[in-house]
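A short write-up of the structure that comes next.
Within every chain, numbering begins at 1; the chains are lettered A, B, ... in the order of the sequence lines, protein sequences first and strands thereafter. Given the structure is predicted, the values throughout are model-derived calculations rather than measurements.
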Number of protein chains: 2
Amino acid sequence: MSVRERKERERAERERLIVATARELAEQQGWDAVTTRRLAERIEYSQPVLYSHFRGKREIIGAVALQGAAELAADIRAATAAADGPRARVTALARAYLGFAAGHPAVYDAMFQLDGGLAFAREDTPEPLKDAFAALQETLRESAGAGVDPGLFTELFWAALHGLATLTRAGRLPPEDTERRTALLVDRLAVL
Amino acid sequence: MSVRERKERERAERERLIVATARELAEQQGWDAVTTRRLAERIEYSQPVLYSHFRGKREIIGAVALQGAAELAADIRAATAAADGPRARVTALARAYLGFAAGHPAVYDAMFQLDGGLAFAREDTPEPLKDAFAALQETLRESAGAGVDPGLFTELFWAALHGLATLTRAGRLPPEDTERRTALLVDRLAVL
DNA sequence: CCCTCACCCTAGCATCGCTAGAAATGCTGG
DNA sequence: CCAGCATTTCTAGCGATGCTAGGGTGAGGG
């Protein structure tokens, strides 16, 4: 039965190719440019092949989002691990988060702006998403302050970061003041 | 030349009808349901009429967004004016903002989530948008704290509110803790 | 009263996400 | 090694989208 194994391997490989290509195309030209036709052409298969892997475009976006969540969690853990002291850790976390959003705008859109058909804040939330939130909470819990639920504090801090990320990216906030806003955010929100 | 005046009046009236209908439809069934065909049918004209008023769907969304910005500014001013003391004012502002986002999700989407083709944080930013930001700043400047630029502080506070609004609406944050998050936000960010 | 012109609608284009059914590919048993 | 079968893949097409060209109609002015 090695034939089946090979086929499964090839299928999995092709699925990775689809997700990677969608992500690449979105990063290059925006999600609007990610049409099923263009995507199919890039992977050198016809459109229906996409639907043998994913239920539809939404699921493809969702797959990119999950990938992004895993990377974001890793980025945050790497940044905070390299920092000394609570304040440096929170600052590093904020910079890592905003840096990720600015550096991979299409992936960030897939995670939070577009409908990837993912559940959140619920029982059936996919693991990478829960883990990304966990990565935030690991560092932020030490800055929550006395008598404040770490989960609630993490939600608030996350919301602030998310707001900064999206408003900056949409041109609503001047990007040159990002660092000052980050500093103010850490100063005020975190109890150090 | 009273004929022309009447025609202009009718045109302006029809334009208001288009915007109001788009908003209504979006609020009832979401922006996805706002197609040029459905919109045209509801106002009892053909599609090309829409394009004699607006360059395209984006501009219609933009018109709804501007309307929303004016209402949001009014809501904020009304709420803060009725509050006594700095803390009550900031709390009222936050509640008014989040209440607006929750109460008019489609309008909020038009303002910040969708592409309405509006400029921000620039010279040619439409007046209602600048005024909404001004409404925030009027109340928040007294809570910025010593040595902190009120504009920067307002941007940060706004970003936090925006993050809370969008993440809550997208189901990323449990809605039942909204009030607690708001209280924590005010406690931490505002210097009272 | 008729002409003219501005307005509006019918019809259609290109593209979108998605799917049914035909064609082709490649595995398996004789 | 070949025939037959099953799986996979492609061609073609559906309904719907935003947007536009061009013809027809009705109201206003001489």
Side-chain angles (χ1 to χ4, degrees), chain A residues 1-19 21-23 25-26 29-65 106 109-110 114-118, chain B residues 1-19 21-23 25-26 28-65 106 109-110 113-118:
Chain A
M1 292 297 131
S2 148
V3 174
R4 182 150 119 204
E5 286 175 14
R6 195 203 66 215
K7 288 209 170 187
E8 282 177 7
R9 241 190 358 254
E10 286 172 354
R11 251 192 89 77
E13 176 54 38
R14 195 173 61 181
E15 190 159 316
R16 278 200 303 276
L17 177 63
I18 292 172
V19 177
T21 306
R23 177 176 175 164
L25 192 51
Q29 311 183 31
W31 277 105
D32 279 353
V34 183
T35 69
T36 55
R37 277 171 241 273
R38 256 193 287 265
L39 188 49
E41 195 191 2
R42 286 230 181 174
I43 65 169
E44 294 181 309
Y45 282 96
S46 65
Q47 298 165 49
V49 168
L50 300 175
Y51 292 87
S52 78
H53 289 271
F54 302 95
R55 286 170 160 278
K57 196 185 168 181
R58 275 174 46 154
E59 269 197 8
I60 298 178
I61 296 174
V64 173
D109 280 350
L114 303 175
D115 180 11
L118 302 175
Chain B
M1 293 298 130
S2 149
V3 174
R4 181 151 119 204
E5 286 174 15
R6 194 203 66 216
K7 289 210 170 186
E8 282 175 9
R9 240 189 359 253
E10 287 172 354
R11 251 191 88 79
E13 177 53 38
R14 196 173 60 181
E15 190 160 317
R16 277 201 303 276
L17 178 63
I18 292 173
V19 176
T21 306
R23 175 175 176 165
L25 192 51
Q28 284 170 0
Q29 312 183 31
W31 278 105
D32 279 354
V34 183
T35 68
T36 55
R37 276 172 241 274
R38 255 194 287 266
L39 189 49
E41 196 191 1
R42 286 230 181 172
I43 65 169
E44 295 181 309
Y45 282 96
S46 66
Q47 299 166 50
V49 167
L50 300 175
Y51 293 86
S52 78
H53 289 271
F54 302 95
R55 287 169 159 277
K57 196 184 169 183
R58 277 175 46 155
E59 268 197 8
I60 297 178
I61 296 173
V64 173
D109 280 350
Q113 224 58 314
L114 304 174
D115 181 11
L118 302 175

Of the listed nucleotides D:dT9, C:dG17, C:dC8, the one nearest the side chain of B:R14: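 Nearest listed nucleotide: C:dC8.
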Nucleotide nearest B:K57 when distance is taken to its side chain, options C:dC8, D:dG18, D:dC10: D:dG18
To the nearest Å, give me how far apart [atom1] ([X]) and [atom2] ([N]) are.
{"X": "B:Y51", "N": "C:dC9", "atom1": "OH", "atom2": "P", "answer": "15 Å"}
{"X": "A:H53", "N": "C:dT19", "atom1": "NE2", "atom2": "P", "answer": "15 Å"}
{"X": "B:Y45", "N": "D:dC19", "atom1": "OH", "atom2": "C1'", "answer": "20 Å"}
{"X": "B:I43", "N": "C:dC8", "atom1": "CD1", "atom2": "C1'", "answer": "12 Å"}
{"X": "A:E10", "N": "C:dG26", "atom1": "CD", "atom2": "C1'", "answer": "11 Å"}
{"X": "B:E15", "N": "C:dC8", "atom1": "CD", "atom2": "P", "answer": "13 Å"}
{"X": "A:R11", "N": "D:dT7", "atom1": "CZ", "atom2": "P", "answer": "13 Å"}
{"X": "B:L50", "N": "C:dT10", "atom1": "CG", "atom2": "P", "answer": "14 Å"}

Heavy-atom donor-acceptor pair, B:Q47 side-chain to C:dC9 base, under 3.5 Å: no
Should we count [atom1] of [X] as having more than 12 external heavy atoms under 6.0 Å?
{"X": "B:E41", "atom1": "CD", "value": "no"}
{"X": "B:R11", "atom1": "CZ", "value": "yes"}
{"X": "B:E44", "atom1": "CD", "value": "no"}

Closest non-hydrogen atom pair between B:S46 and B:A40, with its separation: C-CB, 3.7 Å
5' priority, DNA chain C, between A:T35 and B:E44 [closest heavy atom]: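 Taking each residue's closest nucleotide, the earlier one in sequence belongs to B:E44.
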Given DNA chain C, 5'-ward residue of the pair A:R37 and A:P48, judged by closest heavy atom: A:R37
Phosphate contact (D:dT9 OP1 or OP2) by A:S46 side-chain N/O below 4.0 Å: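 No, outside the criterion.
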Sugar-phosphate, base or nothing in reach of A:R38, heavy atoms under 4.0 Å: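 The answer is sugar-phosphate, as A:R38 gets under 4.0 Å only of primed atoms, P, OP1 or OP2.
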Chi angles and distances behind the side chain to side chain contact (heavy atoms under 4.5 Å, CB included) call for B:I43, B:L50: CA-CA 10 Å; B:I43 65 169; B:L50 300 175; 3.8 Å; yes
